[in-house]
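For reference, positions follow the sequence shown, starting with 1.
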Amino acid sequence: MNGTVTAVSSNGEYSFTKPNRDSITLLTGLGVEDDVHAGVTVKHRSRVAQDPTQPNLRQVHLIHEELFAEVGTEGFKVLPGDLGENITTRGVDLLALPVGTLLRIGGEAVLEVTGLRNPCLQIDHFQNGLLKQVVGRDEAGNIIRKAGVMSIVREGGTVRPGDLIQAELPAGPHRPLDRV
């Protein structure tokens, strides 16, 4: 499964959205250079409050650009970086990947998918009603999260819009993604 990077975003300060950049630098074991969520241990405020020593499984956030078109049919306008992601993708079914999938991006960077982003109420503060578009339930009542995936940096490198993404599935049996 291959795709493309359509945008990259980062922010050194806490804010919901992240400005687009010409490139971002991924640092092995840390995340995006100069991004507020980079680090070996958790940086998300609610998780820091629970246990600041937890490993940071949310170093790099990826969202599939196809989600923007999907929510657009319901009247929402979402652009790359608006939901706080670092890498916006096209052509990779991020939500269908198993835990441990390696994403080889450009010529150097390698991310390991750790799980699903757990959408929070801040999404409704961004655009009222958007949270219901990115989290819901299937026919069986199971929670469906669509706000992208989280990952850790296995190999650092520079990532730019237009870079190719190659998804490398782990050896089976595969574990489906869950929230991290």
Side-chain angles (χ1 to χ4, degrees), residues 1-10 18 21 23-33 35 37-44 47 54-71 78 80-120 123 133-138 140 142-180:
M1 185 183 321
N2 297 323
T4 307
V5 173
T6 60
V8 294
S9 310
S10 67
K18 293 186 179 187
R21 309 288 183 191
S23 66
I24 56 174
T25 301
L26 302 182
L27 303 173
T28 303
L30 295 174
V32 178
E33 182 177 50
D35 190 80
H37 291 105
V40 174
T41 57
V42 293
K43 301 301 176 199
H44 193 273
R47 294 174 189 242
Q54 294 177 72
N56 188 3
L57 301 178
R58 301 165 57 101
Q59 294 174 357
V60 181
H61 177 200
L62 299 94
I63 285 186
H64 51 296
E65 185 179 70
E66 293 85 352
L67 176 66
F68 304 157
E70 181 182 326
V71 300
V78 181
D82 280 353
L83 298 181
E85 76 276 11
N86 301 109
I87 300 175
T88 309
T89 69
R90 182 186 316 119
V92 178
D93 189 354
L94 296 173
L95 305 179
L97 299 173
V99 172
T101 298
L102 297 180
L103 298 174
R104 298 184 183 282
I105 304 175
E108 313 169 273
V110 179
L111 299 176
E112 180 182 334
V113 177
T114 56
L116 296 167
R117 175 188 184 186
N118 191 29
C120 65
I123 292 175
Q133 301 300 312
V134 298
V135 65
R137 295 193 181 270
D138 65 14
N142 300 309
I143 295 175
I144 303 296
R145 294 175 179 85
K146 299 188 224 178
V149 299
M150 307 308 284
S151 64
I152 57 175
V153 181
R154 287 292 179 209
E155 293 181 31
T158 302
V159 177
R160 294 176 181 83
D163 281 351
L164 295 180
I165 303 168
Q166 295 178 313
E168 182 180 309
L169 301 180
H174 293 158
R175 283 187 315 141
L177 296 176
D178 198 1
R179 69 183 174 101
V180 293

side-chain contact (heavy atoms from CB on, under 4.5 Å) test vs T114 passes for just one of L177, L57, V99, namely L57
Step by step, work out the side chain to side chain contact (heavy atoms under 4.5 Å, CB included) result for N56 and Q54. CA-CA 6 Å; N56 188 3; Q54 294 177 72; over 6 Å; no
Between R21 (side chain) and S10 (backbone), is there a donor-acceptor pair under 3.5 Å? yes
Would you say E66's side chain and R90's backbone share a donor-acceptor pair under 3.5 angstrom? no
To the nearest 0.5 Å, what is the distance between CG on D35 and NZ on K18? 3.5 Å
Compare all side-chain heavy atoms of H64 with those of D93 and state whether any distance is below 4.5 angstrom. no
Check: residues 105-112 side-chain donor-acceptor pairs under 3.5 Å, at least two apart:
residue	atom	partner	partner atom	Å
E108	OE1	T158	N	3.3
E112	OE1	R154	NE	2.5
E112	OE1	R154	NH2	2.7

Measure the shortest side-chain to side-chain distance between I24 and I87 over non-hydrogen atoms and say whether it is less than 4.5 angstrom. yes
Identified side-chain contact (heavy atoms from CB on, under 4.5 Å) partner of F68 from the options V78, D82, T6: V78
Sequence neighbours left out, cut at 3.5 Å: what donor-acceptor pairs do the side chains of residues 161-170 make with other protein atoms?
residue	atom	partner	partner atom	Å
D163	OD2	R160	N	2.9
E168	OE1	R104	NE	2.9
E168	OE1	R104	NH2	3.3

Side chain to side chain donor-acceptor pair (under 3.5 Å) with Q133: which residues, sequence neighbours excluded? none
Could you tell me if the side chain of L62 sits less than 4.5 Å from the side chain of V92, heavy atoms only? no
Evaluate the side-chain proximity of V32 to L26: yes if any heavy-atom separation is below 4.5 Å, no if none is. yes
Partners of I123 by side-chain contact (heavy atoms from CB on, under 4.5 Å), sequence neighbours excluded? F16, R117, P119, L130, L131, V134
Residue pairs passing the salt bridge (Lys or Arg N to Asp or Glu O under 4.0 Å) test with at least one member in residues 170-180, sequence neighbours excluded, are none
Listing, residues 142-153 side-chain donor-acceptor contacts under 3.5 Å, not counting sequence neighbours, or none:
residue	atom	partner	partner atom	Å
N142	ND2	D138	OD2	3.3
R145	NE	N118	OD1	2.9
K146	NZ	E70	OE2	2.7
S151	OG	V60	O	3.0

From the list L67, L103, T4, L94, side-chain contact (heavy atoms from CB on, under 4.5 Å) partner of T89 resolves to L94
